[in-house]
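Report on the following structure.
Reminder, nothing fancy here: chain letters follow the sequence lines and each chain counts from 1. This one's a predicted model, so the numbers in the text were calculated from it and none came from an experiment.
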Number of protein chains: 2
Amino acid sequence: MATIGDVAKAAGVSRSTVSYALSGKRTISSETRERIESAIRQLGFTPNAGARALATSQTKVIGLFVQFFRDEFSPAMLQYVLPISDAAREAGYDILMVTEDDGPRALRRITDSDMVDGVILLNVAHDDERVPPLRAARQPGALVGLPKDTEGLDVFDLDFGEAARMLVDHLYELGHREIILISPNEHVITRGGAYAWRFRDAALERAARYGLRIHPFYGETQQPAVTESLNAILDQRPTATAIIVHNDAMIAGLPPVLNARGVRVPDDLSVVGIYSEDFGRLFSLPYTAIETSPDKLGRAAVQALVQRMQDPDGAGAPVVRFIAPELTDRGSTR
Amino acid sequence: MATIGDVAKAAGVSRSTVSYALSGKRTISSETRERIESAIRQLGFTPNAGARALATSQTKVIGLFVQFFRDEFSPAMLQYVLPISDAAREAGYDILMVTEDDGPRALRRITDSDMVDGVILLNVAHDDERVPPLRAARQPGALVGLPKDTEGLDVFDLDFGEAARMLVDHLYELGHREIILISPNEHVITRGGAYAWRFRDAALERAARYGLRIHPFYGETQQPAVTESLNAILDQRPTATAIIVHNDAMIAGLPPVLNARGVRVPDDLSVVGIYSEDFGRLFSLPYTAIETSPDKLGRAAVQALVQRMQDPDGAGAPVVRFIAPELTDRGSTR
DNA sequence: TACGGTAATCGAACCGGTTCGACAACGCAA
DNA sequence: TTGCGTTGTCGAACCGGTTCGATTACCGTA
């Protein structure tokens, strides 16, 4: 492969001149620039990333740390990864995707060896073990998901509390007075997925305030447990007139269950959920729902991170930003 | 951050000695080694990846090029990505994931700048534009999916022809004489997803050989078109006793359609498909199917690539390997 | 005509590792 | 006592970029 030295020789100039022609950081005469450019084209020169990283202390790579749990629903993750990858590329960064089980170790390995300029953590838990080592790293970090201690990091998440209140309000206003609430799998909560109890607590609190009866359940994540669980819940609360589902697997499994039971939506039961548009399309879900906007969250994280990588000091204090939930009415309530 | 020079100073040795202690490429006395190791621990030294890459011409990173099409079913892709990421890590490599729309450009950018030691292409089309630039790259490449010209590259794919024959045989032996065949979306075929027509042609050929009637259709990829299309197909061929579905979206949409029509499986209709176990679990699909084994394919690609990266000459001629399809009987035929 | 300012370029140092050749110290055999 | 092979370590060069300070040529102005 051609090096900058080869280009310099071919163009009859010094290496530094080629570098300046490339970066534009000093003025270069147009004749020289043309000679250099033609040499570059002829030799097919592309700067070596490692050498550039060494010289500039910049890799132009973002580390994306993804965590997959057996008790969560995996296809949803892709909806965060793709927009992040796209947004990063638009800003001139590539994505080093790390899926290692031992998150903290992987994080240290990558940041200590300076493989990346910044880090995005996906699916952050309340007590996420990756957060302390990220805070200790030289590189800035952005999180998708809310940990208990956000100091020093930009954090982005859906406002799950507000989402829950919107759904309860929606049902209450329609006259419902007895509601089923299905949360994520119990493991998710004990493990610390904060979104689970933020949503749940807010829903319960709001329901209590209105004096309406609400029956909380935990859902399953895999078939056939999902179907069994849904049937058990519906059997146990036959008088409920509405159901709020905050669980991807459970809501994806709901249509056939209701169908088999002869329950019509919304005539017999009002159904609301919280999931992304793409997810709903994937499973043909016809329910009114809060849009979780994984693309917005991912892009916001990239944007904040890029700013901080490019101007570590000028970027201001870290932010915790909750994006506002939006209700998409698909006519599954009345 | 501590450099190798800082470690050398702290241990009272030269930089090269530290390097040799780290790599073990020359003998180092045990006292010196201990001094060095303690210095490393105290200073928290981790070698700089860029500098190491520059010196060794090795990045220990694999470029993973993923292509998403609107007319394909996205969640399936994750099933390839995760095992590849895991296998790479086990072999000491990290994953640079590239999802850029302009695949050929991205490929050149990454390989020319020496950001990776090798490349894996996912979802390779018959006439994939990424293949020529990959062949021209310095780095070795492995493909998942069969292009028309495989020269110089390791290629891994499911034996779709054999898969189709197995399914036709299976149905024929059970006595079926009129079969519906649903292929991927027509766009997939015209765009060049070779697996689509490899499966289709083999199925038609086999059916012809047995003299059984087979009705080929193209499927849809998004609701509500999927449901409409399924209904139209079933309306059009009411006398068919079996159906072969080679289309993720169509088979995921099949259960509710059959249910709504009151068609019982396998009593009224025998159903077979071709999809991965994980995919089937995700959508609770109860059908006898050929397992597509994305994990096996991904891991095989990584393995071959690693070998070729570590011993470019000794790895022998490139291979095209078809993995043997396996039928999982879930009792949806009779 | 001397002088200061600007434009264009060069050379050298540096980033942080790895690796090659040299060399000192030592034990052992001739 | 000389010579040789081993072991352990060092210094220097190198990988391929970027960047700083210096230098030259040229311009307009005093």
Side-chain angles (χ1 to χ4, degrees), chain A residues 1-37 39-40 43-61 109-117 138-139 310, chain B residues 1-37 39-40 43-61 109-117 138-139 310:
Chain A
M1 190 62 190
T3 72
I4 201 171
D6 300 332
V7 174
K9 206 174 299 169
V13 297
S14 74
R15 297 195 301 151
S16 54
T17 303
V18 177
S19 179
Y20 284 123
L22 241 33
S23 66
K25 291 188 179 174
R26 286 198 183 175
T27 47
I28 300 287
S29 73
S30 55
E31 321 145 48
T32 307
R33 156 166 297 117
E34 276 161 32
R35 280 213 317 284
I36 291 177
E37 280 168 2
I40 287 179
L43 298 172
F45 166 73
T46 307
N48 177 291
R52 181 171 268 178
L54 182 55
T56 62
S57 308
Q58 276 207 22
T59 63
K60 289 293 186 175
V61 173
R109 182 170 60 78
I110 302 283
T111 55
D112 284 358
S113 63
D114 269 322
M115 296 183 76
V116 300
D117 293 344
R138 283 182 294 289
Q139 296 90 338
Q310 291 176 347
Chain B
M1 191 61 190
T3 73
I4 202 171
D6 300 332
V7 173
K9 207 175 299 171
V13 298
S14 75
R15 296 196 301 152
S16 55
T17 303
V18 176
S19 178
Y20 285 123
L22 241 33
S23 67
K25 292 190 179 173
R26 286 198 183 173
T27 47
I28 300 287
S29 72
S30 55
E31 321 144 48
T32 307
R33 156 167 296 117
E34 276 162 31
R35 281 212 317 285
I36 291 176
E37 281 169 2
I40 287 179
L43 298 172
F45 166 73
T46 306
N48 176 291
R52 180 171 269 179
L54 182 54
T56 62
S57 308
Q58 278 209 19
T59 63
K60 288 292 185 176
V61 173
R109 182 170 59 79
I110 302 283
T111 56
D112 284 358
S113 63
D114 269 320
M115 295 183 76
V116 301
D117 293 344
R138 282 182 295 288
Q139 297 90 337
Q310 290 176 347

Open item on the list: Check this one for me: any side-chain N or O of Thr27(B) less than 4.0 Å away from OP1 or OP2 of dG8(D)?
Closed with: yes
Judged by nearest nucleotide, the residue sitting upstream toward the 5' end of DNA chain D, Ser16(A) or Ile28(B), is Ile28(B)
From CE of Met1(A) across to C1' of dC15(D) the rounded distance in Å is 15 Å
Comparing nearest nucleotides in DNA chain C, the 5'-proximal residue of the pair Ser14(A), Gly5(B) is Ser14(A)
Q.
Taking only side-chain N and O atoms of Ser19(B), does any of them lie within less than 4.0 angstrom of OP1 or OP2 on dT18(C)?
A. yes
Quick check on dC10(D): is either OP1 or OP2 less than 4.0 Å from any side-chain nitrogen or oxygen of Thr17(B)?
yes
query = Counting distance only, does the side-chain N/O of Arg15(B) pair as donor-acceptor with the main-chain N or O of Ile4(B) below 3.5 Å?
reply = no
Check: Does a nitrogen or oxygen in the side chain of Lys25(B) sit under 4.0 Å from OP1 or OP2 of dT18(C)?
Finding: no
Notebook entry, point to check: Base, sugar-phosphate alone, or nothing: which one does Thr56(A) contact when heavy atoms must sit under 4.0 Å apart?
Noted result: sugar-phosphate
Is there, by distance only and without an angle test, a donor paired with an acceptor across the side chain of Arg26(A) and the base of dG21(D) below 3.5 Å?
yes
| message | Measuring only between side-chain heavy atoms, which start at C-beta, is Ser57(A) closer than 4.5 Å to Asp114(A)? | response | no
Here the pair of heavy atoms bringing Asp117(A) nearest to Lys60(A) is OD2-N, 2.7 Å
Glu31(B) CD to dT7(D) P, in whole Å, measures 16 Å
Next on the checklist: Quick check on dC15(D): is either OP1 or OP2 less than 4.0 Å from any side-chain nitrogen or oxygen of Thr3(A)?
Outcome noted: no
Q. Arg138(B) side chain to Thr111(B) main-chain N or O, any donor-acceptor pair under 3.5 Å?
A. yes
Leu54(A) atom CG is separated from dT19(D) atom C1', nearest whole Å, by 13 Å
Taken to the nearest whole Å, CZ/Arg52(A) to P/dG16(C) is 18 Å
request  = Report which part of the nucleic acid Ser29(B) touches: base, sugar-phosphate, or nothing (heavy-atom distance under 4.0 Å, all strands).
outcome  = sugar-phosphate
To the nearest angstrom, the CD-P distance between Glu34(B) and dT9(D) comes to 12 Å
Under-4.0 Å side-chain N/O to phosphate OP1/OP2 contact, Arg15(A) with dC10(C)
no
Interatomic distance, CD@Glu34(A) vs CD@Glu31(A), rounded to 0.5 Å, equals 8.0 Å
- Message: Within the structure provided, determine whether Met1(A) and Asn48(A) are in side-chain contact (heavy-atom separation under 4.5 Å).
- Response: no
Requested in this report: Scan Thr32(B) against the nucleic acid and name what it touches under 4.0 Å (heavy atoms): base, sugar-phosphate only, or nothing.
Outcome: sugar-phosphate
Taken to the nearest whole Å, CZ/Arg33(A) to C1'/dT9(C) is 13 Å
Separation of dG16(C) atom P from Arg138(A) atom CZ, nearest Å, is 10 Å
Considering only heavy atoms and no angle criterion, is a donor-acceptor pair shorter than 3.5 Å present between the side chain of Tyr20(A) and the base of dC20(D)? yes
Whole-Å distance, Ile4(A) CD1 to dG11(C) P, equals 14 Å
